[in-house]
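Atom set for the values below is all heavy atoms of this structure, side chains included, hydrogens, waters and symmetry mates excluded.
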Protein chains: 2
Amino acid sequence: MLAAAETLLAGTTSPAAVSMDEIAAAAGVGKGTLFRAFGSRDGLLDAVFASRLDPLRQELNRPGSPVGPDVPAADRLVGVLLLLLDFKLDNPRLTTAREMNGTALLQAPHYRWVHRLLQDLVAKTGRTADSADVAAHLLLGALRVEVITELQAAGMTREQLGRYLEDVVHRLVGPDEH
Amino acid sequence: MLAAAETLLAGTTSPAAVSMDEIAAAAGVGKGTLFRAFGSRDGLLDAVFASRLDPLRQELNRPGSPVGPDVPAADRLVGVLLLLLDFKLDNPRLTTAREMNGTALLQAPHYRWVHRLLQDLVAKTGRTADSADVAAHLLLGALRVEVITELQAAGMTREQLGRYLEDVVHRLVGPDEH
DNA sequence: AGAATTACGGACCATGAGTCCAGATGACGC
DNA sequence: GCGTCATCTGGACTCATGGTCCGTAATTCT
């Protein structure tokens, strides 16, 4: 089912228009089964998302990786963000489906997870928890598909996007001043 | 009709659940009329938004106002953002209705308008047009209802939000470095 | 093998955006 | 004042979609 959903989402220009009926049909399964397994459309989307995000999670835990647990916070932060950028560039439809679907994005499990990670990393660069909280939201805001898409449409390349992201990080994560 | 829509939106905790039927009924008008006047749900929402935003627009054009056309860009920028913050704090439901309704927020007329304004102001503080474009998106990202709501829920007061916003501006709008 | 429990699928329901047309309302000429 | 024509209006209707429900099939247990 996850695979079917993923394929369908990737193959349309308007992921919001992919219905649960279609996904069920494509997965060769009844609608009831789909809902029993995932609870709701959001649940399904989250599950697809989680499965896609898994390699990234692994990479973050693998000691020795360029974004592994031992890397200094500042570098790791940049690394993670660039990885997320790549993820969004590689899975635009899926991300769109999740980010543009009305329901509270900030409550979604993967958002909370990434936010937490970023918050910790930012905090380690010398900011209070509160201020790191805010900064993490801002960094994630900078990565919204809508924004990225818009910038791409305006002619920015992947590399330029990466550079702009790094710039944002540097501006945003300096130590508190007051 | 605008007034009816506004009232209904303000009076519910889940603005997404306010239907066009309800609005039509509350306005004492047929659904057909509603759609003829605004084209679609989005159109109506935009219209309500625009009407609410009008005083703010006026203030921006009034010479002598603290955010008027003659104020130095850096100050004006902060002023405008604080005004927008106030607006969102004062109209949380309306803003939620518009920001959380799936359809491309960045294409909405008011978003484009504010973005343009911010971009110009940022550019005047010594950044290239491209970089100002990005910065403007980030600033608006910092003002998303979802984020603001979350921070409020975490216990931040209006004043703290204002201060955090100012901090973001200062971090974000310095001159380009590379 | 037969009973009991669980899982399945797709018909069914509820809701809400957007359409459409029969009739009301108003403008205009006589 | 009245008939005709054009325009506008309201709400019944269509259609799409998320989510539920239940008869039946599969599976497990004895």
Write down the atom of B:Ala26, the atom of B:Leu8, and the distance for their closest heavy-atom approach.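 Taking B:Ala26 first and B:Leu8 second, the nearest heavy atoms are CB-CD1, 3.9 Å.
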Rounded to the nearest angstrom, tell me the gap between atom [atom1] in [X] and atom [atom2] in [N].
X: B:Asp21; N: C:dT19; atom1: CG; atom2: P; value: 14 Å
X: A:Ile23; N: C:dG9; atom1: CD1; atom2: P; value: 15 Å
X: B:Phe35; N: D:dC13; atom1: CZ; atom2: C1'; value: 14 Å
X: A:Met1; N: C:dG9; atom1: CE; atom2: C1'; value: 11 Å
X: B:Leu44; N: C:dG18; atom1: CG; atom2: P; value: 11 Å
X: B:Glu22; N: D:dG11; atom1: CD; atom2: P; value: 16 Å
X: A:Leu34; N: D:dT20; atom1: CG; atom2: P; value: 12 Å
X: A:Met20; N: C:dG9; atom1: CE; atom2: P; value: 14 Å

May I ask you to evaluate whether [X] reaches the phosphate of [N], defined as a side-chain N or O under 4.0 Å from OP1 or OP2?
X: B:Thr33; N: D:dG10; value: yes
X: A:Arg41; N: D:dT17; value: no
X: A:Arg36; N: C:dC8; value: yes

Any Lys/Arg nitrogen of A:Glu59 or A:Arg62 sitting under 4.0 Å from an Asp/Glu carboxylate oxygen of the other?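 Looking at A:Arg62 together with A:Glu59, the answer is yes, because their closest N to O distance falls below 4.0 Å.
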Do the charged groups of A:Asp120 and A:Lys124 touch, with an N to O distance under 4.0 Å?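 No, this pair does not count.
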Do the side chain of B:Lys31 and the base of D:dA12 come within less than 3.5 angstrom through a donor-acceptor pair of N or O atoms?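 When only heavy-atom distances are counted, B:Lys31 does not reach the base of D:dA12 through any donor-acceptor pair under 3.5 Å.
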Which residue lies toward the 5' end of DNA chain D, A:Ser40 or B:Gly30, if each is placed at its nearest nucleotide?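 Its nucleotide being nearer the 5' end, the pick is B:Gly30.
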Pick one: which of A:Arg127, A:Arg116, A:His115 meets side-chain hydrogen bond (donor to acceptor under 3.5 Å, both in side chains) with A:Asp133?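 The single option meeting the side-chain hydrogen bond (donor to acceptor under 3.5 Å, both in side chains) with A:Asp133 is A:His115.
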When you measure from the side chain of B:Ser19, which nucleotide among D:dG18, C:dG16, D:dG19 comes out closest?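 Selected nucleotide: C:dG16.
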Measure from the side-chain N and O atoms of A:Arg93 to the backbone N and O of A:Pro15, and report whether any donor-acceptor pair falls under 3.5 Å.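 The answer is no, because no donor-acceptor pair under 3.5 Å joins these two groups.
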